Number of protein chains: 2
Amino acid sequence: MLTDRQLLILQILIDEYIQNAEPLGSRSISKRQDISFSSATIRNELADLEEMGFIEKTHSSSGRIPSEKGYRFYVDNLLSPVAMRNRDMKRIRSLFHEKMLELEMLIEHSANLLSEITNYTSIILGPEVYETKLKHLQIVPISTGTAILILITDTGHVEKYTVELPDGMDASDLERTVNILNERLKGVPFSHLKIKLYQEVQGLMKTHLRNYEKTLDFLTRLFQNEKSDKVYYGGKTNILNQPEFQDVEKVKALYNAIEKQDLVYQLLHQGTIEGINVKIGAENSIQEMKNCSLITASYSIGGQHMGTLAILGPTRMEYPRVIGLLDLLSKDLTKVLTQRYYSN
Amino acid sequence: MLTDRQLLILQILIDEYIQNAEPLGSRSISKRQDISFSSATIRNELADLEEMGFIEKTHSSSGRIPSEKGYRFYVDNLLSPVAMRNRDMKRIRSLFHEKMLELEMLIEHSANLLSEITNYTSIILGPEVYETKLKHLQIVPISTGTAILILITDTGHVEKYTVELPDGMDASDLERTVNILNERLKGVPFSHLKIKLYQEVQGLMKTHLRNYEKTLDFLTRLFQNEKSDKVYYGGKTNILNQPEFQDVEKVKALYNAIEKQDLVYQLLHQGTIEGINVKIGAENSIQEMKNCSLITASYSIGGQHMGTLAILGPTRMEYPRVIGLLDLLSKDLTKVLTQRYYSN
DNA sequence: AATTAGCACTCAAACATAACGAGTGCTAAC
DNA sequence: GTTAGCACTCGTTATGTTTGAGTGCTAATT
């Protein structure tokens with residue numbers, strides 16, 4: 001489809017544009033060491049590449065910039081893996097060497113590290129609660145009729161719900177319920193809580209509790225509500241360093257989109273596919289991100305998907321570097337988490 | 001000090017400038033209905049006001065804008081309380097009519113409401129944990145050597161710490177410790193936990209626990225670490241609507257400052273004074289906020305300071321409206337919270 | 001047949017100039 | 001004390017000019 005020379009030129013053009021954010025003309029290309037053709041030849045090739053849709057002009061007599069299709073092709077076919085900087089490597093390693101007791105903390109630090117290394121904005125979808133196992137359950141009455149339900153997972157995550165107790169439930173009922181639940185539901189993944197409730201707990205409750213129907217109904221509703229995982233951000237203001245975001249209107253649109261956590265959650269959650277995933281410009285489902293690219297990688301615990309690491313930057317993003325970084329970090333994270341939480 | 005006419009002119013100038021963000025000239029002022037002097041007279045007065053430092057020019061032949069001293073004077077002396085819009089009133093009332101079980105939720109909604117009504121950015125310092133009382137304490141072992149400590153307050157707040165257990169502490173030690181603590185520390189305000197630990201618990205532990213010193217030491221360290229309360233934001237992107245923030249560099253500086261939660265926490269915490277507090281421009285301790293004003297109001301539970309509501313906007317802020325709003329909301333919030341959490 | 005030199009053409013960006021007008025300060029008259 | 005009048009200032013807007021980096025196309029060269 002594309003000649004070797006066209007590939008070379010496209011490669012150079014995109015590499016340079018990613019670096020300088022400025023349209024590239026035939027003459028600049030021809031002057032490079034690795035190019036031995038005249039600018040006229042380059043011009044012809046550029047015209048062809050443009051006709052095929054890989055590059056475009058900003059105005060009729062301007063140099064060329066990559067189109068989205070161009071970036072796509074670049075990412076799919078031209079990507080030469082780039083060596084990680086040594087000091088970045090070190091920073092990642094030291095992230096895991098620091099003693100961090102809380103998983104949330106580790107994730108938060110990862111988000112900051114990612115944004116600092118890349119100079120883009122990082123987004124991390126917190127560890128999926130859905131697949132972690134119940135370690136302990138506690139109900140603490142707060143005032144008459146209301147209580148706090150606390151669920152603790154094997155990853156040390158604490159989930160809490162403030163709830164209204166069914167009327168007529170007294171302290172001893174509550175205690176018995178909690179005891180039954182703890183006895184029967186420990187080690188059960190959150191995703192199975194509801195089923196297990198009927199399989200294991202129902203019978204016991206029937207014999208031990210007075211108004212067991214109400215309580216059962218109450219618990220069913222409780223286990224229903226799937227909490228969406230937390231979204232962590234790093235380097236939100238890095239976006240403002242990019243020349244494509246010198247216009248406040250654009251910044252506003254993007255920030256407004258980013259602040260909608262449920263939207264972002266959905267966007268990142270789509271990319272639950274193994275490995276690295278790159279969404280360029282309009283490939284993103286969020287309109288306001290049409291000038292951005294999103295690169296995602298997922299991390300897991302013991303083979304079970306746990307969350308997503310993502311970098312958000314302009315379409316003119318340093319794809320090779322970011323991809324390498326995310327690949328490394330997601331794998332390291334998976335390794336460390338599996339080691340820490342899967343053995344128990 | 002200032003003549004009535006000067007007061008009037010200053011009042012008009014600031015009011016208009018707050019509305020339109022444009023320097024005001026003598027002619028525009030003289031054309032107003034409530035002014036019966038010629039532009040020349042106004043010019044003389046403006047020159048005097050400038051000499052006194054209340055207003056300034058953007059360039060030698062421009063109209064005048066208020067100086068920080070001008071705003072200060074305006075806030076201290078010229079503020080005419082403005083009637084709240086009816087629909088804003090309604091929104092505030094309905095905020096408290098919605099059934100919201102969790103205090104955090106209520107605060108979050110308040111932040112959003114504040115930013116929506118004012119079109120500025122709102123910041124709320126979450127309910128002070130320090131003065132709430134312990135309702136229940138729980139320690140859940142997660143893996144060998146580590147556990148999660150959970151503290152639940154009478155306001156339904158859940159505080160958690162992942163901790164390393166002292167070596168040699170086994171399950172039964174843990175259980176006994178938790179029992180003792182729950183028995184002796186329930187109802188104790190967080191601020192007194194440490195003292196009470198020595199007064200009430202020490203003796204009991206000595207008789208019931210093997211390695212009581214280690215455990216005591218462990219708990220002491222734990223109760224030491226004062227968690228700074230959460231900072232809630234609303235309408236962060238509203239800043240971008242202001243004409244004074246059309247320059248991306250300024251936005252970046254401000255956002256970077258705002259993202260530093262500990263700085264913001266400190267800033268708001270200073271204003272623990274009763275009632276409304278207004279900080280104009282450079283009066284703010286944070287350099288990057290020199291183009292901003294911050295208006296704060298504190299809310300409390302049963303007379304005990306609990307947190308701070310704040311609105312961050314350009315120095316050219318609608319002071320009367322914002323002050324009225326914050327006053328109302330902080331009082332309402334105090335009333336509702338006191339009612340909800342003080343009676344128990 | 002592929003490459004390149006040459007040239008007319010395009011267009012954004014930079015610069016210069018002028019006109020406009022909203023503002024000022026000051027003086028002299030009311 | 002107030003106001004009319006006027007020269008002056010200076011940012012804004014509009015307009016035209018120049019520059020230069022780029023193009024596409026054609027014809028000559030390899």
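Model, not experiment: these values are computed from the prediction. Convention: sequence-line order gives letters A, B, ...; per-chain numbering from 1.
- Between the CD atom of A/E22 and the C1' atom of C/dA13 there is a distance of 12 Å, given to the nearest Å.
- With the nearest nucleotide of DNA chain D identified for both B/A40 and A/R27, B/A40 has the one nearer the 5' end.
- Remark: A/S39 is not in phosphate contact with C/dA5, judged by side-chain N or O atoms under 4.0 Å from OP1 or OP2.
- Between D/dC6, D/dT2, C/dT3, one nucleotide has an atom nearer to the side chain of B/F37 than all others, and that is D/dT2.
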Side chains of residues 246-254 of chain A: which donor-acceptor partners sit under 3.5 Å, not counting sequence neighbours?
| unit_1 | atom_1 | unit_2 | atom_2 | d |
| --- | --- | --- | --- | --- |
| A/D247 | OD1 | A/E249 | N | 3.2 |
| A/K252 | NZ | B/N241 | OD1 | 2.6 |

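- Among the nucleotides D/dT3, C/dT3, C/dT24, the one closest to the side chain of B/S26 is C/dT24.
- The phosphate of C/dA12 has neither OP1 nor OP2 within less than 4.0 Å of any side-chain N or O from A/S62.
- For the OP1/OP2 pair of D/dT3 and a distance below 4.0 Å, the side-chain nitrogens and oxygens of B/T41 include at least one atom meeting the criterion.
- Side-chain proximity of A/H59 to the nucleotides D/dG24, C/dA12, D/dT2 is greatest for C/dA12.
- Separating the OH atom of B/Y17 from the C1' atom of C/dG23 is a distance of 16 Å, rounded to the nearest angstrom.
- Between B/S38 and A/P23, the residue whose closest nucleotide on DNA chain D is further toward the 5' end is B/S38.
- For B/S61, taking side-chain heavy atoms from C-beta onward, the closest of the listed nucleotides C/dT3, C/dA22, C/dG25 is C/dA22.
- With rounding to whole Å, B/D48 atom CG is found 12 Å from C/dC26 atom P.
- Salt bridge annotation for A/E45-A/R64: absent, with no cationic side-chain nitrogen under 4.0 angstrom from a carboxylate oxygen.
- The side chain of B/R64 has C/dT24 as its nearest neighbour among C/dT4, C/dT24, D/dG24.
- Per the geometry, CD belonging to B/E45 stands 11 Å off C1' belonging to D/dG1, to the nearest Å.
- Protein atom CG of B/L49 is 12 Å distant from nucleotide atom P of C/dG25, rounded to whole Å.
- For the pair B/N44 CG and D/dT2 C1', the computed distance is 9 Å after rounding to whole Å.
- No engagement by A/T58 is indicated, since no non-hydrogen atom pair under 4.0 Å with the nucleic acid exists.
- Straight-line distance from the CD1 atom of A/I9 to the P atom of C/dT3: 10 Å, rounded to whole Å.
- The side chain of A/R43 lies closest to C/dG6 when the candidates are D/dG22, C/dG23, C/dG6.
- Counting heavy atoms from C-beta outward, A/Y255 and A/F245 have side chains that stay 4.5 Å or more apart.
- Note: CD (A/E50) to P (D/dT23) measures 10 Å, nearest angstrom.
- Not a single side-chain hydrogen bond (donor to acceptor under 3.5 Å, both in side chains) links B/S110 to another residue, sequence neighbours left out.
- The structure places CG of B/L312 at 12.5 Å from NZ of B/K279, a figure rounded to the nearest 0.5 Å.
- Under 4.0 angstrom from either OP1 or OP2 of C/dA12 there lies no side-chain N or O belonging to A/K57.
- Of the side-chain N and O atoms in A/S60, one or more sit less than 4.0 angstrom from OP1 or OP2 of C/dC11.
- No salt bridge links B/E68 with B/K290; every basic N to acidic carboxylate O contact stays at or beyond 4.0 Å.
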